[in-house]
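Atoms within each ligand, like the ligands themselves, are counted from 1 in listed order.
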Amino acid sequence: MLGNSKAYGPPLNATSREEAARFGPGDRSYTCSNPHVRCASGGSPRAGGGRRGDRYRLVVTDLVRAPAPVVMGVLNVTPDSFSDGGRYADLDAAVGHGVRLRADGAHLVDVGGESTRPGADRVDAETEAARVVPVIRELSAAGVPISIDTSRALVAEAALAAGAVVVNDVSGGLADPDMARVVRDAGCPWVLMHWRGHSRGMRELATYTDVVADVRAELGRRVDEALRAGVAADRIIVDPGLGFAKTAAHNWQLSARLPELLDLGYPLLFGASRKSYLGALLAGPDGTPRPTAQREAATVATSLLAVAAGAWGVRVHDVRATADALAVWRATGSPRLLTGVAAAGGPGPRPGREGER
Ligand code: PMM
């Protein structure tokens, strides 16, 4: 079972980089995963094949700078994530699901070991690493490109050593001052998500003058700080952080005004999958939000709209549904939405269920 830190490698409470590196074999194998982009050097290029010190060059050319939308499949190895919590807490189940996500069309499988749902308590770094590292090691060995969903530098470092090729940091570098160094030294792509604070208190932080302008400015500062720390511009991906210190109305405004965020000039990841604002939108006549497992059509719709507005990638639980929709989108010529469409508005704030994003 995952979550049993004794079963998987050395503890991560030691703060040395060597200790973190011992969690994994240091194999950053990367299989070209995007069928719509050119694969450098044939079928299965390896990230380490680039010039010395640029292990992730092919990840950048094949994924980050790829013209086709990237689908990131969600794999939470946590007992308490809002949608898939507890389902993949067993190593075999987690690896099996990761392989399935890949077969369904995921270009990246995003492995997370700490729930970030509103109100969630934190776990310690040792527990988080013990949950994700064995899964990453096995999936990576199976050729599945992995992003590590963590805001802890030590966990990111251990995950990269185990074979992850992208760091997905929901705190945009704010939660751990050492994260920028880890990402810079590794040279891997880094998703900087808009974030204002940890899950426990994030609802109180959902106050904005103009949510789109404020998120844009705050994300811009995260990017500037990453660049100042020496992270290369071509490794940076931004994300508005739907549901993180955002009300339903904020999420709709961010969706409607995506071009203002794209204006930052970085690839943009959009993570709406099954979040509570979709459940609220689809609430029954008595106001009961639609259950998470029944928000798939809405997830597909909002993900497709984001891609048509220019998003680089979407983070989803049901990869096949979104990949199918994107296949239709491509078959019709990859039509783009006009920029500057309906700004504010949407269905307005309706509370989601307790503990949901
Ligand atoms: N949402 C969640 C977790 N990680 N990462 C990024 N980059 N963007 C997101 O919107 C995001 C994320 C929370 O949802 P989950 O419980 O489905 O993982």
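Here the straight-line distance linking atom NZ of Lys246 with atom CZ of Arg196 works out to 7.5 Å at 0.5 Å rounding. Here Leu254 contributes atom CG and Asp239 contributes atom CG; the two are 10.0 Å apart, rounded to the nearest 0.5 Å. Note that CG of Leu154 and CD of Glu126 are 11.0 Å apart. Values are rounded to the nearest 0.5 Å.
By the criterion of a heavy-atom distance under 4.0 Å, the side chain of His317, and not its backbone, is placed next to ligand 1. In Asp110, neither the side chain nor the backbone holds a heavy atom less than 4.0 Å from any atom of ligand 1.
With contacts defined as side-chain heavy-atom distances shorter than 4.5 Å, the pair His194/Leu261 does not qualify.
Of all the atoms in ligand 1, the ones that sit under 4.0 Å from a non-hydrogen atom of Asn168 are 5 (N), 6 (C), 7 (N). Close approach to Gly271 involves these atoms of ligand 1, each under 4.0 Å from a residue heavy atom: 10 (O). Every atom of ligand 1 is numbered from 1 in the order shown, and the set under 4.0 Å from a heavy atom of Asp239 is 6 (C), 7 (N), 8 (N), 9 (C). Using a 4.0 Å cut-off to heavy atoms of Val191, the atoms of ligand 1 that qualify are 7 (N). Per-residue contacts place Leu269 under 4.0 angstrom from the following atoms of ligand 1 (heavy atoms of the residue considered): 7 (N). In summary, the atoms of ligand 1 found under 4.0 Å from a heavy atom of Val170, numbered by their order in the structure, are 4 (N), 5 (N), 12 (C). Using a 4.0 Å cut-off to heavy atoms of Met193, the atoms of ligand 1 that qualify are 6 (C), 8 (N), 9 (C).
With 3.5 Å as the limit, one finds no donor-acceptor pair spanning the side chains of Ser151 and Asp176. Looking only at atom types and distance, the side chain of Thr78 has no donor-acceptor partner in the side chain of Asn76 under 3.5 Å away.
Judged by the shortest distance from any of its heavy atoms, Phe270 lies outside the 4.0 Å radius around the atoms of ligand 1. Using a 4.0 angstrom heavy-atom cutoff, Lys275 counts as in contact with ligand 1. Using 4.0 Å as the threshold, Met72 has no heavy atom nearer than that to any atom of ligand 1.
Using a cutoff of 4.0 Å between basic side-chain nitrogens and carboxylate oxygens, Asp210 and Arg257 are scored as salt-bridged. Between Arg295 and Asp318 no salt bridge is recorded (no basic side-chain N to carboxylate O distance below 4.0 Å).
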